[in-house]
Amino acid sequence: MSGQGTQPGAERETREERRARELAAEKQVLAALERRFPGGAIEGSREICHKIWIDVSREALLDVLWYLRDDPDLLFKRFVDLTCVDYLKFPGHEGPRFGLLYNLYSLTRDAYARLKVWLDEDDLRVPTASEVYPAANWAEREVYDLYGVQFDGHPDLRRILMPDDYTGHPLRKDYPLRGRGERDSFPVLTRERS
Amino acid sequence: MGVNQPLDRALEREGFVTTTVKSMLGLLEKVINLGRKNAVWPYIFGTACCSIELMATMSSRYDLARFGAEVVRFSPRQADLLIVGGRVTLKMMPVLQRIWQQMPEPKWCISMGACASCGGVFDTYTMIQGVDKFVPVDIYIPGCPPRPENVVDALMMLQKKIEASKVLT
């Protein structure tokens with residue numbers, strides 16, 4: 001088996017070669033985004049462990065997603081993942097508390113795009129990506145369930161993992177690990193009563 | 001086993017309970033318990049790796065059929081024994097309680113493994129810390145997961161319990 005993205009019969013690329021190729025592809029994506037959105041839409045970017053993270057402003061998120069998906073040069077057709085990080089009391093962190101992470105993959109370019117949207121605790125709203133990527137529907141429900149982020153325009157924003165009558169968002173860092181007594185709140189069935 | 005209490009009392013009230021009747025009732029009870037203990041039909045509430053171990057117990061190497069418990073029912077209405085194998089979460093507990101209520105009398109419950117018995121290592125907001133808090137449990141099986149021999153042992157203990165249960169006297 002030849003490595004992914006190599007020609008049949010070509011030498012199998014090493015790990016370092018693949019890493020460098022992926023990093024170059026991600027830098028091209030970042031350059032394309034900065035060309036297309038010259039204003040404040042792209043708030044910044046960082047290279048962590050040979051991967052590029054792109055900070056996108058909340059207002060420009062949908063435009064960026066549409067562009068990444070439909071531009072014939074990029075074609076990020078695959079929605080890999082959407083998740084959220086709570087940076088409460090994170091060592092060395094300053095600024096907004098929540099970071100929303102979008103992972104996209106382009107099959108034609110064999111490249112990933114990692115977008116990050118920063119959200120303040122008192123304004124946890126973001127436009128839904130489920131029109132751009134239908135696969136984002138349940139991922140957004142999960143983030144809403146566990147972090148309490150509101151996705152404006154989502155067709156069906158309900159809890160997906162926790163019970164419907166659950167209160168609170170348990171993956172936030174200030175939520176007690178053992179819960180708030182939900183796990184002890186069931187009726188007790190004794191042998192006489194059942 | 002609420003049905004049987006009035007029979008005993010009614011016989012006593014009518015002056016029917018003589019030594020002969022009592023010994024006959026005891027004999028009948030033995031027959032009933034013999035039937036019950038050798039035809040325990042389990043319902044498997046398997047939510048995690050314990051139920052995989054349970055499959056091994058059911059299959060030919062350990063062969064739970066030797067104890068009359070090979071007929072796994074997939075409806076609680078036809079089962080006598082509820083085997084809770086695995087983690088029970090907040091969302092699953094109402095389901096488990098409904099299943100227990102749907103089972104006809106007489107019924108027994110085995111809590112299999114650390115998670116079902118006490119929550120195991122999952123001491124979190126979504127895990128029930130032992131199903132016995134909300135559902136009556138007869139036998140606990142320790143282990144993570146328990147070996148098939150433990151399950152067989154638990155079934156034999158349950159059989160002893162059934163054998164000793166007072167059905168008529």
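Chain A is the first sequence line, chain B the second, and so forth, proteins listed ahead of strands; every chain is numbered from 1. In this text, all values refer to a predicted model and were calculated from it rather than measured experimentally.
- More than 12 heavy-atom neighbours from other residues, nucleotides or ligands sit within 6.0 angstrom of NZ on Lys77(A).
- Residue Trp138(A) is grouped with residue Leu171(A) when hydrophobic side chains (ILVMFWY) are merged at heavy-atom distances under 4.5 angstrom, including chains of intermediate members.
- Note on Met157(B) and Val40(B): same hydrophobic cluster, where clusters join Ile, Leu, Val, Met, Phe, Trp and Tyr whose side-chain heavy atoms are under 4.5 Å apart, directly or indirectly.
- Counting non-hydrogen atoms of other residues, nucleotides and ligands closer than 6.0 Å to CZ of Arg98(B) gives a total of 12 or fewer.
- Neither the backbone nor the side chain of Asp164(A) comes within less than 4.5 Å of any heavy atom in chain B.
- Of residues 77-93 of chain B, those residues lying under 4.5 Å from chain A by any heavy-atom pair are Leu90(B), Lys91(B), Met93(B).
- Contact between Gln129(B) and Arg183(A) at its shortest, heavy atoms only, is NE2-NH1, 3.4 Å.
- Other residues, nucleotides and ligands place no more than 12 heavy atoms under 6.0 Å from the NZ atom of Lys30(B).
- The cluster map of Ile, Leu, Val, Met, Phe, Trp and Tyr, joined by side-chain heavy atoms under 4.5 Å apart, puts Tyr147(A) and Tyr166(A) in the same cluster.
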Inset, instruction - Assess whether side chain to side chain contact (heavy atoms under 4.5 Å, CB included) is satisfied between Leu189(A) and Lys133(B), documenting all intermediate values. - result: CA-CA 8 Å; Leu189(A) 296 184; Lys133(B) 278 188 171 180; over 6 Å; no

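- Tyr67(A) and Leu75(A) sit in two unconnected hydrophobic clusters of ILVMFWY residues. Membership requires side-chain heavy atoms under 4.5 Å apart, directly or through other members.
- Residue-environment remark: CD (Glu22(A)) exceeds the threshold of 12 foreign heavy atoms within 6.0 Å.
- Residue Met127(B) touches chain A through its backbone alone, counting heavy-atom pairs closer than 4.5 Å.
- Of the listed residues Pro163(A), Ser185(A), Gly179(A), the one with more heavy-atom pairs under 4.5 angstrom with chain B than any other is Pro163(A).
- In this structure a side-chain-to-backbone donor-acceptor pair under 3.5 Å is missing from Glu182(A) to Thr126(B).
- The same ILVMFWY cluster, assembled from side-chain heavy atoms under 4.5 Å apart, contains both Tyr175(A) and Val149(A).
- Using a 4.5 Å heavy-atom threshold, the side chains of Val135(B) and Phe186(A) count as separate.
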